[in-house]
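Okay, so here's the structure we're looking at.
By convention in this document, chain letters (A, B, ...) are assigned in the order of the sequence lines, proteins followed by strands, and residues within each chain are numbered from 1.
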4 protein chains.
Amino acid sequence: MQIGIVGLGRMGGNIGRRLMRAGHQCVVYDHNPQATDTLAKEGATGASDLGDLVAKLDAPRVVWLMLPAGKITEDTLTDLQRILKADDVVIDGGNSFYKDDIRRAAQLREIGVHYVDVGTSGGVWGLERGYCMMIGGDVDVVKRIDPILSTLAPGRGDVPATPNRDGRDPRVENGYMHTGPVGSGHFVKMVHNGIEYGLMQAYAEGFHILRHKDLAELPEAERYTLDLADVAEVWRRGSVVSSWLLDLTAGALAQDGQLEHFSTEVADSGEGRWTIEAAIEEAVPAQVLSAALYTRFRSRDAESFPERMLSAMRFGFGGHKEFPVK
Amino acid sequence: MQIGIVGLGRMGGNIGRRLMRAGHQCVVYDHNPQATDTLAKEGATGASDLGDLVAKLDAPRVVWLMLPAGKITEDTLTDLQRILKADDVVIDGGNSFYKDDIRRAAQLREIGVHYVDVGTSGGVWGLERGYCMMIGGDVDVVKRIDPILSTLAPGRGDVPATPNRDGRDPRVENGYMHTGPVGSGHFVKMVHNGIEYGLMQAYAEGFHILRHKDLAELPEAERYTLDLADVAEVWRRGSVVSSWLLDLTAGALAQDGQLEHFSTEVADSGEGRWTIEAAIEEAVPAQVLSAALYTRFRSRDAESFPERMLSAMRFGFGGHKEFPVK
Amino acid sequence: MQIGIVGLGRMGGNIGRRLMRAGHQCVVYDHNPQATDTLAKEGATGASDLGDLVAKLDAPRVVWLMLPAGKITEDTLTDLQRILKADDVVIDGGNSFYKDDIRRAAQLREIGVHYVDVGTSGGVWGLERGYCMMIGGDVDVVKRIDPILSTLAPGRGDVPATPNRDGRDPRVENGYMHTGPVGSGHFVKMVHNGIEYGLMQAYAEGFHILRHKDLAELPEAERYTLDLADVAEVWRRGSVVSSWLLDLTAGALAQDGQLEHFSTEVADSGEGRWTIEAAIEEAVPAQVLSAALYTRFRSRDAESFPERMLSAMRFGFGGHKEFPVK
Amino acid sequence: MQIGIVGLGRMGGNIGRRLMRAGHQCVVYDHNPQATDTLAKEGATGASDLGDLVAKLDAPRVVWLMLPAGKITEDTLTDLQRILKADDVVIDGGNSFYKDDIRRAAQLREIGVHYVDVGTSGGVWGLERGYCMMIGGDVDVVKRIDPILSTLAPGRGDVPATPNRDGRDPRVENGYMHTGPVGSGHFVKMVHNGIEYGLMQAYAEGFHILRHKDLAELPEAERYTLDLADVAEVWRRGSVVSSWLLDLTAGALAQDGQLEHFSTEVADSGEGRWTIEAAIEEAVPAQVLSAALYTRFRSRDAESFPERMLSAMRFGFGGHKEFPVK
């Protein structure tokens with residue numbers, strides 16, 4: 001089917017490519033004309049601006065936004081609100097906050113435009129592997145765009161089937177799920193990323209313990225110098241902790257067991273923070289997911305004020321008699 | 001090759017079966033004669049006690065213990081120490097504490113008996129999938145038992161190869177690793193289990209947040225009733241959090257989305273605790289792995305003393321004037 | 001000076017009493033007429049409704065709200081907005097969210113009414129000990145109500161002076177602080193409560209460890225049956241962990257070392273949650289404060305879904321072969 | 001009464017001084033002769049070595065060790081074991097591990113020497129304020145040294161009495177407690193320090209949140225520049241979080257609100273680690289105490305390996321296609 005794509009970064013561009021490979025017709029626009037040209041050369045119809053993109057699509061239109069969450073997505077939706085018509089569909093495939101989805105959908109509903117939020121996992125691997133998608137929106141709108149969704153999804157592949165799924169929605173086993181009303185797609189994707197933080201941190205802590213098993217402070221008989229690349233690799237085979245993140249870790253360690261070229265400052269995107277806020281709203285304890293987020297915060301703190309405060313207290317009760325309490 | 005197996009529970013029995021299927025000759029013993037008989041009927045040579053088992057093995061012998069960590073393993077090793085001869089090999093395939101391995105190996109070394117510790121992951125799936133093994137011991141002893149290890153290991157299977165591994169130990173890609181000196185096999189397996197706790201807890205917290213998104217306390221527009229079985233299933237397909245533990249979770253949820261028949265009290269084995277102790281010995285922060293362990297402790301605490309202490313304090317500063325501080 | 005007080009619960013009533021004892025004139029109103037009567041009998045001027053209260057105050061008026069945070073405070077402010085006049089002052093002495101303060105102050109500013117937020121600590125002890133207050137608002141408005149604030153504050157008492165405070169704001173040493181613009185008073189009080197959660201949890205965990213030192217699982221020589229009431233009491237004398245919360249704990253334990261009559265479910269007020277949200281907004285790691293909050297969440301979770309999920313996974317990899325992954 | 005003191009550092013020297021001020025007779029020894037001389041000039045009897053110290057004491061002797069935990073204490077006890085006689089008493093007033101106490105007491109018991117462990121809190125303030133002491137040992141031995149203990153203890157001072165303590169051991173209200181058998185004194189002191197870590201971290205996190213409330217990333221209307229020295233000071237007056245640690249914090253901040261001269265690397269002594277190990281042995285969740293310890297570990301980690309591992313994973317799924325998983 002025909003679709004408009006706004007935002008042709010790494011994700012948006014590949015989404016277009018995967019759709020075109022399957023015969024879909026893509027009208028594309030990026031604020032950077034070179035990005036638009038690149039995809040046009042690969043078979044897409046380039047558009048010079050949002051208006052041009054909308055003009056080149058047949059009504060009722062389907063426009064997929066693949067933009068950074070926040071101001072850019074917000075501004076683009078404001079612009080689209082002026083030029084789209086009743087029964088058109090806007091899909092936000094980025095990492096928007098689900099409460100923003102709910103607000104935006106209500107605004108667009110007033111002019112008859114449908115809104116669908118798609119949480120998209122798969123990163124740079126999606127072009128080949130397909131994108132795991134969590135989709136929020138009205139039932140019939142989600143159905144209308146199914147040709148797009150089923151093409152983007154990974155499909156069953158050679159992932160072994162889970163038993164007892166007879167009679168369940170077959171889309172799920174193809175890697176895309178209609179999670180519920182507007183916002184629910186991004187909500188589920190948000191929690192997905194929260195879990196991702198926790199998984200990553202569990203591996204990082206474990207490998208840290210393995211790495212420091214050779215510390216000079218330990219009794220000599222209890223010191224081991226472990227090959228972390230091999231440990232990661234062997235765990236990929238039949239162990240309980242095998243996962244895709246472990247696959248990636250094994251790949252990184254095989255290249256450089258010291259990981260010397262990687263940053264010690266770890267960014268966090270909105271989803272990790274929003275996940276904790278959701279946990280707090282629901283009164284759900286989220287110790288592991290919080291700890292994972294805080295580790296990233298800590299990695300970027302060059303000031304170490306709380307640590308200096310601990311030192312000050314230690315000095316206060318154990319050090320010199322700087323000021324008399326009594 | 002020929003091997004003696006002591007302990008024919010779920011793990012030990014299947015290890016014997018997997019070895020026999022590949023043509024190895026197994027002499028087996030379990031303190032429960034029925035278990036011995038069962039395996040004998042499947043082709044093993046049954047032994048009536050440890051002495052009988054040792055007598056039925058050709059020197060130099062190889063004896064694999066697959067017993068619960070702790071007293072039983074300890075007692076069996078004490079008995080074996082009396083009847084084994086120089087150059088025999090004892091393998092502890094259970095979940096022993098690595099510091100016990102170091103102590104035991106030193107004792108056996110005095111009479112010329114070799115000790116190998118094998119951390120074995122794979123659980124009930126090992127018979128078919130093979131066992132991921134982490135092996136501590138002397139280089140030539142580990143080589144001597146390679147026919148056994150390579151049979152038990154999963155092999156390369158269809159797990160995609162990690163690039164940049166040329167020139168590395170090929171055993172690792174077959175799912176078994178010689179990790180270093182005695183104790184290192186169980187040490188690496190211990191950390192594996194510590195990570196396992198962290199991964200499991202990350203999923204549990206995330207699904208808890210998903211599940212409570214329908215709470216009546218939340219604003220109505222922000223409530224979703226999510227199908228957790230479908231969420232787990234869709235994440236198996238191309239998402240960043242795909243893993244074997246997620247496969248198992250998807251399976252459990254497909255059977256019963258409420259997980260009603262599962263215990264609210266979660267056991268912990270020694271490895272989770274030892275992992276934290278190792279982290280503390282190395283001064284490695286292990287926030288996530290600790291939190292995962294503590295959740296299990298908490299699940300078994302029926303007394304709730306600390307919570308009552310919090311209530312008492314709250315009552316003290318906010319409630320009635322029970323006692324005058326001043 | 002003259003002041004109106006709305007809300008005569010435990011806090012509001014005692015604030016009126018402490019002010020009247022010092023000669024201030026209080027016009028009071030509570031939606032429960034009995035509460036109004038009680039204070040009227042103690043010397044206050046009772047009002048029959050908000051309008052009556054405003055009518056009985058001389059312009060420019062000062063009205064102190066001491067109401068539960070949320071809807072009641074919000075509604076009362078909406079009502080007051082209609083009847084107050086330019087240059088009147090509204091003080092919110094409750095536990096409102098600081099972002100609500102900012103919004104409300106902006107609304108009131110439009111009609112020339114000043115808004116002051118006062119975070120008030122001291123609980124049921126405030127009548128005698130005075131109230132520790134953190135105050136947000138314009139400099140001259142805060143000065144205008146200083147007679148009220150200085151009366152409510154604890155004063156220097158016999159708390160030892162901190163050195164190096166020459167030239168600093170003397171109000172602080174009397175127990176009240178002008179923290180900055182509107183909202184900052186409640187913000188500082190909010191963090192105060194967040195810290196309070198952390199301190200309480202630290203004591204609760206420590207006493208839990210002391211209490212279980214008599215567990216039958218421990219080696220007999222390492223078991224102690226400790227008198228927790230005595231431990232709390234001895235720590236009040238010269239130890240590093242002495243605090244007012246410890247005083248309260250010692251009092252509770254002296255009454256009942258088992259704390260049997262206290263609830264195992266621990267409530268949390270908004271401040272603990274907002275503190276974590278503030279930490280996340282600022283990218284500040286708040287591991288301890290989060291853990292303290294989560295313990296309270298956990299104490300009220302009767303369902304134990306995440307624990308059952310852990311059990312399900314354990315069953316999946318270690319139990320019976322319920323479903324084939326391959 | 002007469003007492004020998006071994007180890008005249010900041011703690012040992014002041015313990016001697018406090019005892020001499022009360023008329024006790026001290027025979028003192030430090031491996032640094034200058035330390036011995038200093039105290040001799042203040043009225044003590046100096047000893048040139050352990051043998052000399054023992055020779056100068058009347059039987060049955062009482063010897064107080066105030067040495068760093070670990071090897072020095074161990075070696076000194078080994079030496080004393082050779083020269084002390086039946087019915088002599090050795091007191092370990094340092095921060096020894098309670099399991100070491102149990103072992104040592106058993107060894108000394110064989111030659112009839114009594115062992116008492118005293119956990120001592122109070123730091124550099126003890127000389128004036130007295131020492132809060134937790135004491136493990138046999139009932140009659142602890143009674144025998146009561147003149148020493150009651151002198152070192154803070155006494156009732158002006159700390160308000162806790163109600164409902166009639167009929168309880170009066171020593172406790174004087175600041176020293178016989179906690180139980182050998183080891184229990186150091187065990188209670190160990191948990192005291194564990195709690196101390198938690199309390200300190202709760203304050204540090206809270207002040208960190210206050211400090212960063214002026215971040216440029218925050219909405220301008222929600223930014224506050226808070227005077228942390230004043231906040232700490234005002235909380236000392238009638239607030240729920242008042243404590244001695246807060247007194248010290250207020251003192252440090254009044255000197256320098258940036259705490260610039262304090263180390264960003266925070267040491268941890270054995271007690272914090274042992275507390276977590278005890279929690280694990282007892283299956284007690286100790287989330288807050290662990291988090292406090294881990295913050296210190298993290299403060300000293302210059303390598304940031306786990307953070308680099310997180311970056312490597314992020315690169316793996318979000319960055320360039322460095323290696324094909326499939």
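Proximity to chain C involves both the backbone and the side chain of D/Ala229, based on heavy atoms less than 4.5 angstrom apart. Looking at D/Leu215, only its side chain comes within 4.5 Å of chain C, counting heavy atoms on both sides. There is no contact between D/Lys189 and chain C, counting heavy-atom distances below 4.5 Å. Both the backbone and the side chain of C/Thr275 come within less than 4.5 Å of a heavy atom in chain D. Heavy atoms of D/Thr295 lying under 4.5 Å from chain C are absent altogether. Using a 4.5 Å cut-off between heavy atoms, D/Tyr197 does not touch chain C at all. For D/Pro181, the parts sitting under 4.5 Å from any heavy atom of chain C are the backbone and the side chain alike. Both the backbone and the side chain of D/Pro285 come within less than 4.5 Å of a heavy atom in chain C. For chain C, the nearby parts of D/Leu199 are the backbone and the side chain; heavy atoms of each come within less than 4.5 Å. Looking at C/Tyr294, there are no atoms closer than 4.5 Å to chain D (heavy atoms on both sides), in backbone or side chain. Contacts between D/Arg156 and chain C at a heavy-atom distance below 4.5 Å involve backbone atoms as well as side-chain atoms. Interface remark: D/Glu281 contributes backbone and side-chain atoms alike to the contact with chain C (heavy atom separation under 4.5 Å). Contact of D/Met190 with chain C is not made at all, since no heavy-atom distance falls under 4.5 Å.
No side-chain heavy atom of D/Lys213 sits less than 4.5 Å from a side-chain heavy atom of C/Val188. Counting heavy atoms from C-beta outward, D/Arg168 and C/Asp227 have side chains that approach closer than 4.5 Å. Contact check for C/Glu222 versus D/Tyr98: side-chain heavy atoms found under the 4.5 Å cut-off.
Side-chain atoms of C/Arg237 do not come within 3.5 Å of backbone N or O of D/Tyr131 as any donor-acceptor pair. D/Ser121 places a side-chain N or O within 3.5 Å of a backbone atom of C/Val240 that can act as its donor or acceptor partner. At distances below 3.5 Å, not a single donor-acceptor pair connects side-chain atoms of D/Glu205 with backbone N or O atoms of C/Ile195. Here the side chain of D/Thr162 pairs no donor or acceptor atom with the backbone of C/Gly251 at under 3.5 angstrom.
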Might you work through the side-chain contact (heavy atoms from CB on, under 4.5 Å) test for C/Phe207 and D/Val191, ending with a clear yes or no? CA-CA 8 Å; C/Phe207 278 93; D/Val191 175; over 6 Å; no
Start with the C-alpha distance between C/Val284 and D/Arg211, add both sets of side-chain angles, then the distance that settles side-chain contact (heavy atoms from CB on, under 4.5 Å), and finish with yes or no. CA-CA 10 Å; C/Val284 162; D/Arg211 179 176 172 85; over 6 Å; no
Going through the checks in order, is the side-chain contact (heavy atoms from CB on, under 4.5 Å) test met by C/Trp235 and D/Met134? CA-CA 9 Å; C/Trp235 284 350; D/Met134 297 134 259; 3.3 Å; yes
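Interface check for chain C: of the options D/Ala292, D/Ser239, D/Gly126, the most heavy-atom pairs under 4.5 Å are formed by D/Ser239. The candidate from C/Ser184, C/Gly122, C/Gly206 with the greatest count of non-hydrogen atom pairs under 4.5 Å with chain D is C/Ser184. Highest contact tally toward chain C, considering only D/Gly183, D/Ala283, D/Gly194, is held by D/Gly183 [criterion: heavy-atom pairs under 4.5 Å]. Among D/Val231, D/Leu226, D/Val172, the residue making the largest number of heavy-atom pairs under 4.5 Å with chain C is D/Val172. Counting heavy-atom pairs closer than 4.5 Å to chain D, the top residue among C/Gly136, C/Gly155, C/Ser242, C/Pro154 is C/Ser242. Per-residue counts of heavy-atom pairs under 4.5 Å with chain D were compared for C/Ala254, C/Gly130, C/Ala278, C/Ala291; the largest is that of C/Ala254. Most heavy-atom pairs under 4.5 Å with chain C: of the set D/His208, D/His192, D/Lys99, this distinction falls to D/His192. The choice from D/Pro219, D/Gly175, D/Ala204 that makes the most heavy-atom pairs within less than 4.5 Å of chain C is D/Gly175. By number of non-hydrogen pairs under 4.5 angstrom with chain D, the leading residue of C/Gly180, C/Ser243, C/Ala106, C/Ala202 is C/Ala202. Contact count against chain D (heavy-atom pairs under 4.5 Å) is highest for C/Val234 among C/Thr179, C/Val234, C/Ile102. When each of C/Val182, C/Leu210, C/Leu246 is checked for heavy-atom pairs under 4.5 Å with chain D, C/Leu210 comes out on top.
Here D/Arg165 pairs with C/Asp230 in a salt bridge; the nearest charged N to carboxylate O distance falls below 4.0 Å.
Taking each heavy atom of D/Gly198 and C/Val288 in turn, the nearest pair found is O-CG1, 4.4 Å. Annotation for C/Arg236 and D/Ala161: closest pair NH1-C, 4.3 Å, computed over non-hydrogen atoms.
The aromatic rings of C/Tyr224 and D/Phe187 are tilted relative to each other, their planes meeting at an angle between 30° and 60°.
Note that CD of C/Glu233 and CG of D/Asn174 are 10.0 Å apart. Values are rounded to the nearest 0.5 Å.
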